[in-house]
Amino acid sequence: MKISNRTSKIILAILIAVSLCISTFYIAGKQGYHEDELLTYNLANTQKQLNVDGGWNTPDDFNEYLTVSDDDRFNYAQVIENQVIDASHPPFYYALVHTVCSFFPGQFSRYFAYSINVVAMVGILILLYLIGKRVTDNNLYALIGAGAYALSTACFTTTIYLRMYATLTFFCLLFLYMILRFYDNGVKITDCLVMLPIVVFGILTQYYFILFAGLVGLVYLVFTLREKRFMDLLFVIASAVVGAGIAMLIYPHIIENVLGGNRGFGSLEISIDLITIVTYLGYKLFTYFEVLAKDMFLGQIWLLALCAAVALGSFIYFRFVKKEKLSRKTVFIIVPPVAFFFGISLLSPFNSDRYVMASLPLIAMLFAFTFIRIFKHFKSEKLVLAVPACIVALSVCAVVAVKPYYTYGKTNLYSPKTDKAVFVGTAMLEWNKVIDKLEKYDEAMIVQTADMDPKLGEELEDFATKRGVVTNGKISSFADSYMNNGDAKKDYVSSLETLSKDEKLKALDEVTVYISRLADREKVMKYITDNTGFKHSELIQADYDFEDFFNWYDYFVETESYCNVYRFYK
């Protein structure tokens, strides 16, 4: 069953429009931010720093921390310098954000970064359709495959997460599409000129592009060697190498970031038992299966397991019973995304959906193509239409029943109970997560405490044990390293004594106090009541409970307060 090119383009446009409308619904209702989303704006736009050791910050200070000033519009040298200091990511995505924000100096809006994701997602869905069409040579099947992703929670989550992962996904799919074109049509020197900027901008967007492109290139290498297409292979390798070289010339810190950066734990002297490592990796894999279930299967592990079993069983049946081999182009959309998903699941520093986002469009397409292949076996073309019908039904159920990541929950913290606020956090700089709330006050003081929650290590230990990790008492040793961002020898900083000395604070009758979940809450509250005039307190909003989550990372990113919040009064 096929449809015309004109009809398929119209349907694809409708799919894209529907997908983006749903994502816009979610971004409009989004309440709160992942801390990295706010860092996106800071690192893209300014070198402004806040007073974080006892000084007061005004709404203008917070605004300057997130926005482009008139003097720094289109200042890309500053963008690059910020990434050098941050030492985590390359600068291209931040340059895109800076470009959009430069048209709106002094203004902050979630829609600035969101607009970049919208453009990237349009490109992603078009490329996914083109990849599907090139693999199946069937417009209808390509539309079904693209629709499986376009109407999934995975797509909505990728679109509303204000980071570089939608842009990364676009360049990964663009690279794959070009490789498929090369495999079909051969490679000319002019094709290399097209591939060069894809490699350059892909690497300069996010370093996971290197892994994805390497997996695609590996499949291409195997097939072209078998077919003795040595000149094609040489052109592609040359394009990749030259593109990587240009990327390193533009941003020489790539190797340093990839090998270390500020995410490494190499400085830690922690002895972990082999059984702990093995069982923790098992826990990580299961957590990523949960992520995949939430993103594509209504959050139901059993439904993901059933569909995966059917997919694997059908492959075995068609390959070894019916003796039907998959086309080589199909291998291009199987091996890279699946290997990427499992590799990132095991190697990622945290268990987060963002790290595997680049693989999710192709994984969604693979499930769709699997069931198309199964239904085609029954010799009824109309039966194939059951696949898009199921996709639409799943999407409707997901919109009703599944809350995407990064939308967060409801909070009353956007309606301040007092004129001023104090944030008490640790060396992990948790204040960055609640800037959008702190700026609602006339002024906000940020202080740090050296006393971290003594129960966090035990909580992590208990949490891991209940989820199948054989800890042998070793998991708690990660708590301190986590809070120091991998630096075991980092000095603790405390500015808590500012609370007892600040004259402006002494003049207040009441103040809102945010106490981060990593801080020792009991010590902080005791210090305030013992050393200031605020002798009474009432809870405004309680933090979430560890046991509410399966994935410990969700506990740190999927909640909008990150704190216990109190009103202290005299």
Subject >> Polar side-chain atom of Lys329 near backbone of Arg134 as donor-acceptor pair, under 3.5 Å >> reply: yes
Original post:
Do other residues, nucleotides or ligands put more than 12 heavy atoms under 6.0 Å from the OH atom of Tyr111?
Top reply: yes
Original post:
Of all heavy-atom pairs between Leu285 and Ser345, which one has the smallest distance, and what is that distance?
Top reply: CD2-CB, 3.8 Å
**OP:** Would you check, one step at a time, whether the test side chain to side chain donor-acceptor pair (under 3.5 Å) holds for Thr153 with Tyr405?
**Re:** CA-CA 9 Å; Thr153 304; Tyr405 290 107; over 6 Å; no
Original post:
Strictly by modelled atom types, are Tyr114 and Thr24 linked by a side-chain donor-acceptor pair under 3.5 Å?
Top reply: yes
Subject >> Single hit among Thr158, Thr159, Asp353 for side-chain hydrogen bond (donor to acceptor under 3.5 Å, both in side chains) with Tyr406 >> reply: Asp353
Subject >> Asp36 backbone acceptor or donor facing Thr40 side chain under 3.5 Å >> reply: yes
Subject >> Leu362 and Leu173, any side-chain heavy atoms less than 4.5 Å apart >> reply: yes
Original post:
If we only count heavy atoms from C-beta on, is the Ile160 to Asn117 side-chain gap below 4.5 Å?
Top reply: no
Original post:
Taking all non-hydrogen atoms of both residues, which atom of Thr279 and which atom of Gly468 are closest, and how far apart?
Top reply: CB-O, 3.6 Å
Subject >> Within-4.5 Å side-chain heavy-atom neighbours: Phe367 and Leu304 >> reply: yes
Which donor-acceptor pairs under 3.5 Å do the side chains of residues 209-227 make with protein atoms, sequence neighbours left out?
from: Thr224; atom 1: OG1; to: Tyr220; atom 2: O; distance (Å): 2.6
from: Thr224; atom 1: OG1; to: Leu221; atom 2: O; distance (Å): 3.2
from: Glu227; atom 1: OE1; to: Arg229; atom 2: NH1; distance (Å): 3.1
from: Glu227; atom 1: OE2; to: Tyr183; atom 2: OH; distance (Å): 2.4
from: Glu227; atom 1: OE2; to: Arg328; atom 2: NH1; distance (Å): 2.6

Original post:
Taking all non-hydrogen atoms of both residues, which atom of Ile333 and which atom of Leu366 are closest, and how far apart?
Top reply: O-CD1, 3.1 Å
**OP:** Hey, could you give me the NZ/CZ distance between Lys325 and Phe320, rounded to the nearest 0.5 Å?
**Re:** 10.5 Å
Could you go through residues 138-145 and list every donor-acceptor pair under 3.5 Å that involves a side-chain atom there, pairing it with any protein atom two or more places apart or in another chain?
from: Asn138; atom 1: OD1; to: Leu140; atom 2: N; distance (Å): 2.9
from: Asn138; atom 1: OD1; to: Tyr141; atom 2: N; distance (Å): 3.0
from: Asn138; atom 1: ND2; to: Met1; atom 2: O; distance (Å): 2.9
from: Asn139; atom 1: OD1; to: Tyr129; atom 2: OH; distance (Å): 3.1
from: Asn139; atom 1: OD1; to: Lys133; atom 2: NZ; distance (Å): 3.3
from: Asn139; atom 1: ND2; to: Ile3; atom 2: O; distance (Å): 2.9
from: Asn139; atom 1: ND2; to: Asn5; atom 2: OD1; distance (Å): 2.8

Subject >> Sub-4.5 Å side-chain heavy-atom contact between Ile124 and Tyr149 >> reply: yes
Original post:
If you measure from the Lys or Arg side-chain nitrogens to the Asp or Glu carboxylate oxygens, is any gap between Arg373 and Glu324 under 4.0 Å?
Top reply: yes
Original post:
Judged by atom type as modelled, is there a donor-acceptor pair below 3.5 Å linking the side chain of Ser19 to the main-chain atoms of Leu15?
Top reply: no
**OP:** Could you check if a side-chain atom of Phe175 sits within less than 4.5 angstrom of a side-chain atom of Val199, using non-hydrogen atoms only?
**Re:** yes
Subject >> Rounded distance [0.5 Å steps], CZ in Arg319 versus OG in Ser314 >> reply: 13.5 Å
**OP:** Not counting sequence neighbours, which residues clear ring pair (Phe, Tyr, Trp, His ring centres under 6.0 Å) with Phe318? List them please.
**Re:** His377
Original post:
Do Lys9 and Ser4 get their side chains close enough for a donor-acceptor pair, meaning under 3.5 Å?
Top reply: no
Original post:
Any donor and acceptor pair, going by atom type alone, linking the side chain of Thr157 with main-chain N or O of Ala154 inside 3.5 Å?
Top reply: no
Subject >> Min side-chain heavy-atom separation Ile198-Met178 under 4.5 Å >> reply: yes
Original post:
Does the side chain of Val402 come within less than 4.5 Å of Lys294's, by heavy atoms?
Top reply: yes
Original post:
Measuring from Tyr208:OH to Ile344:CD1, what's the distance to the nearest 0.5 Å?
Top reply: 4.5 Å
**OP:** Check whether any side-chain N or O of Ser23 sits under 3.5 Å from a backbone N or O of Leu20 as a donor-acceptor pair, and report yes or no.
**Re:** no
**OP:** With rounding to the nearest 0.5 Å, note down the distance linking CG in Leu204 to CZ in Phe92.
**Re:** 8.0 Å
Original post:
Tell me, do Arg163 and Leu168 make a side-chain contact under 4.5 Å, heavy atoms counted?
Top reply: no
Subject >> Check: Asn351/Tyr288 side-chain N/O donor and acceptor closer than 3.5 Å >> reply: no
Subject >> Smallest separation among heavy atoms of Thr276 and Thr471, with atom names >> reply: OG1-O, 3.3 Å
Original post:
Between NZ of Lys30 and OH of Tyr408, what distance do you get to the nearest 0.5 Å?
Top reply: 5.0 Å
Original post:
Under the 3.5 angstrom rule, does the side chain of Ser395 hit a backbone N or O of Ile391 as a donor-acceptor pair?
Top reply: no
**OP:** Spell out, as yes or no, whether a donor-acceptor pair under 3.5 Å connects the side chain of Thr167 to the backbone of Tyr93.
**Re:** no
Subject >> Quiz item: cation-pi between Arg467 and Phe463, 6.0 Å / 45° >> reply: yes
**OP:** Answer yes or no: is there a donor N or O on one side and an acceptor on the other, between the side chain of Gln83 and the main chain of Leu43, under 3.5 Å?
**Re:** yes
Original post:
Got a donor-acceptor contact below 3.5 angstrom from the Ser152 side chain to the Cys155 backbone?
Top reply: yes
Original post:
Do the ring planes of His89 and Tyr94 sit parallel (below 30°), tilted (30 to 60°) or perpendicular (above 60°)?
Top reply: tilted
Original post:
Is the count of non-hydrogen atoms from other residues, nucleotides or ligands lying under 6.0 Å from Leu193 atom CG greater than 12?
Top reply: yes
**OP:** Could you pull out the closest heavy-atom pair between Cys192 and Val187, with the gap in Å?
**Re:** SG-CG1, 4.2 Å
Subject >> Rounded distance [0.5 Å steps], OG in Ser348 versus CZ in Arg354 >> reply: 9.5 Å
**OP:** Return the orientation label for the Phe156 and Tyr26 ring planes: parallel under 30°, perpendicular over 60°, tilted otherwise.
**Re:** tilted
